[in-house]
Protein chains: 2
Amino acid sequence: MNALPRYQQLKQQIIGQISRGELKPRDRVPSENELVGSAGVSRMTANRALRELNDEGYVERVAGVGTFVADLQSASHVLEVRNIADEIARRRHRHSATVITQKNERATDEIATSLRIDRGASVFHLLLVHRENDVPIQLEERYVVASFAPNCMQQDFCRQTPSAWLSAIAPLQEAEHKVRAAMPNDEIRKHLQLGDREPCLVVIRRTWSNGQPVSFARLYHPGSRFELTGHYTPPGIRKSTPEPAP
Amino acid sequence: MNALPRYQQLKQQIIGQISRGELKPRDRVPSENELVGSAGVSRMTANRALRELNDEGYVERVAGVGTFVADLQSASHVLEVRNIADEIARRRHRHSATVITQKNERATDEIATSLRIDRGASVFHLLLVHRENDVPIQLEERYVVASFAPNCMQQDFCRQTPSAWLSAIAPLQEAEHKVRAAMPNDEIRKHLQLGDREPCLVVIRRTWSNGQPVSFARLYHPGSRFELTGHYTPPGIRKSTPEPAP
DNA sequence: TAGTGGTCTAGACCACAAA
DNA sequence: TTGTGGTCTAGACCACTAG
């Protein structure tokens, strides 16, 4: 009947004090050494409890100073951005795709800046339409740093999505997203079969591998047929969210 | 020039092997005791490295069996949805708001369903415009379960945002988001001072407290002036993502 | 100088899996 | 029985901060 490990008990105890208001934001939390005395645990155990509370956003620790209750204020809600093929599969619908453009190009200023390469450097350019049960649901415009894209011209992106292909050749470590609403131009409207006054939900995604930008994509979705269904809030608060780049 | 702590070096080494493909999903990762021998660290240090890799989703550990590379498959990217006032403050701009509607109403079918209350039950209805340096940036249409909204008519929502007020009276535990692109109706267009062909980025948010839906909000943003600047992917994969409700 | 967190060690006991 | 992860201990050294 030995319930929780000691470090978990310690965590629960401190979380309880915070949620009951006995410990308020910016209040001092007992130091590791104090917990050694008061809770009768070793310092490593106290350290693990406080370190995990820090990782989970309940407290903030400053070496040489102490441990303090975090002011949680803006619990940052999160929203998931799924791969379109996965999203469709999750709905048990059928995914299909048509390649419109598949070629190597010279990087424009915008693309070069986004991918941190020289203007005019070689990039792989891809344009394709994703369909859900034969209805266009996403126009994917993607640029990949050429050196990361071996055999890119031999790939059949109707069978393997660019996203799946990329994660196979360069395991992504970081990603950056922007979501906008915008009116499509005529070409996009045509490919997505949009009405005249129908806006697009645009997801702009940049992915990184080994500290290097690898891919830049603009994903256009019909406003009437697509939504980002985010969800839930974790109890712990996320802390700093360092940008991969300045 | 003592670079990284040993457990971090160990983590990097293993992450490197995974990302270079030397270790593939479901492959066995050296056990703690093996790392004690091969890496020349103590078992606690090896344990911390593997434990953190587990927390971050790189590997999966099974007591009594071993540690294995996780099959990461669909790394779900996340996107942050910030409180508008915080977002503006973060940009060091000035936030202001104007209340358009503030009254108690009977719940419509849609609102009643969203908030899990009876049709015709009393709800607090709020409509206000948020401005960033005097430029309209968000139209907030919010409904709050009346029993959760004491003194709602006495509140001055120009001074305290509904979001801040809510989190003060009912600490939110879960939230659900949807993001869409849509054309605004005339009233919304007027309040946000939109052009004729300018779409809106619409965030629909439902918040929960103590297992009860508390608030339902539609947040309209000018497509030309607003984007959800989501970011980064945690290296770790989120494991379970339980839905707050069926 | 004293206290803090950050790290590391070399032991230890346990429950559990597989052989 | 052997090996695994899960936990815990009682020390230790370090860099940093504050008084």
Side-chain angles (χ1 to χ4, degrees), chain A residues 1-15 17-18 23 25-71 236-237 239-240 242, chain B residues 1-15 17-18 23-71 236-237 239-240:
Chain A
M1 69 148 272
N2 202 359
L4 288 173
R6 316 283 299 263
Y7 77 92
Q8 280 286 5
Q9 294 178 30
L10 262 181
K11 285 174 64 180
Q12 291 304 329
Q13 173 189 320
I14 294 170
I15 289 175
Q17 291 174 335
I18 292 175
L23 283 174
R26 294 171 188 264
D27 274 2
R28 200 173 186 296
V29 173
S31 74
E32 296 182 2
N33 279 321
E34 287 167 351
L35 288 175
V36 167
S38 68
V41 298
S42 77
R43 208 198 127 199
M44 275 302 279
T45 301
N47 172 273
R48 179 163 178 186
L50 292 178
R51 177 158 43 79
E52 292 195 358
L53 287 175
N54 178 67
D55 292 343
E56 292 163 15
Y58 287 101
V59 303
E60 300 206 358
R61 318 194 73 191
V62 184
V65 182
T67 300
F68 306 89
V69 177
D71 28 13
I237 312 315
K239 327 215 62 174
S240 66
Chain B
M1 72 146 276
N2 202 2
L4 287 174
R6 315 282 298 262
Y7 77 91
Q8 280 287 5
Q9 293 179 29
L10 261 182
K11 286 175 63 181
Q12 291 304 329
Q13 172 189 321
I14 293 169
I15 290 175
Q17 290 174 337
I18 293 174
L23 283 174
K24 296 187 179 57
R26 293 169 186 267
D27 274 2
R28 198 173 187 295
V29 173
S31 74
E32 296 181 1
N33 280 320
E34 287 167 351
L35 288 176
V36 168
S38 69
V41 299
S42 77
R43 209 198 126 198
M44 276 301 281
T45 301
N47 173 272
R48 178 164 179 184
L50 292 179
R51 178 159 41 81
E52 293 196 357
L53 287 175
N54 179 67
D55 292 343
E56 292 162 16
Y58 285 103
V59 303
E60 300 206 356
R61 318 195 73 191
V62 184
V65 182
T67 301
F68 306 89
V69 177
D71 28 11
I237 313 316
K239 317 215 109 167
S240 69

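In what follows, chains are A, B, ... by sequence order, proteins preceding strands, each numbered from 1. Every value quoted in this text rests on a predicted model; they were computed, and no experiment measured them.
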Quick one: list whatever passes side chain to side chain donor-acceptor pair (under 3.5 Å) with A:S31, sequence neighbours left out.
-> none
Contact boundaries on DNA chain C for chain B, cut-off under 4.0 Å to non-hydrogen atoms = C:dT7 to C:dA17
Heavy-atom closest pair (A:R43 atom, A:N33 atom, distance to 0.1 Å) is CD-OD1, 3.9 Å
Does anything in residues 28-35 of chain B reach DNA chain D, meaning a heavy atom under 4.0 Å, and if so which residues?
-> B:R28, B:S31, B:E32, B:N33, B:E34
Sub-4.0 Å heavy-atom contacts from residues 39-51 of chain B onto DNA chain C, ordered by number = B:G40, B:V41, B:S42, B:R43, B:M44, B:T45, B:R48
Looking only at heavy atoms, which two atoms of A:Y7 and A:E52 are closest? And how far apart?
-> CE1-OE1, 3.5 Å
Please name the pair of heavy atoms, one in A:R28 and one in A:L23, separated by the smallest distance, quoted to 0.1 Å.
-> O-CD2, 3.8 Å
Once you round to the nearest 0.5 Å, how far does OH of A:Y58 lie from CD1 of A:I14?
-> 12.0 Å
Distance from B:T45 atom OG1 to B:L10 atom CG, nearest 0.5 Å?
-> 8.0 Å
Where the side chain of A:R6 meets the backbone of A:G40, is there a donor-acceptor pair that is under 3.5 Å apart?
-> yes
CD on A:Q9 to NZ on A:K11, rounded to 0.5 Å | 12.5 Å
Dot-bracket for DNA chain D, 5' to 3', Watson-Crick and G-U pairs with both distances under 3.5 Å, [ ] for crossing pairs, | for partner on another strand, reads |.||||||||||||||||.
With rounding to the nearest 0.5 Å, note down the distance linking OG1 in A:T67 to CG in A:L35.
-> 8.5 Å
CZ/B:R48 to CE/B:M44 distance, rounded to the nearest 0.5 angstrom?
-> 9.0 Å
Could you check how far CZ of B:F68 sits from C1' of D:dT4, rounded to whole Å?
-> 9 Å
By nearest-heavy-atom nucleotide on DNA chain D, the more 5' of A:Y7 and A:G64 is A:Y7
Sorted by chain and number, sequence neighbours left out, side chain to side chain donor-acceptor pair (under 3.5 Å) with A:R51 holds for A:N47
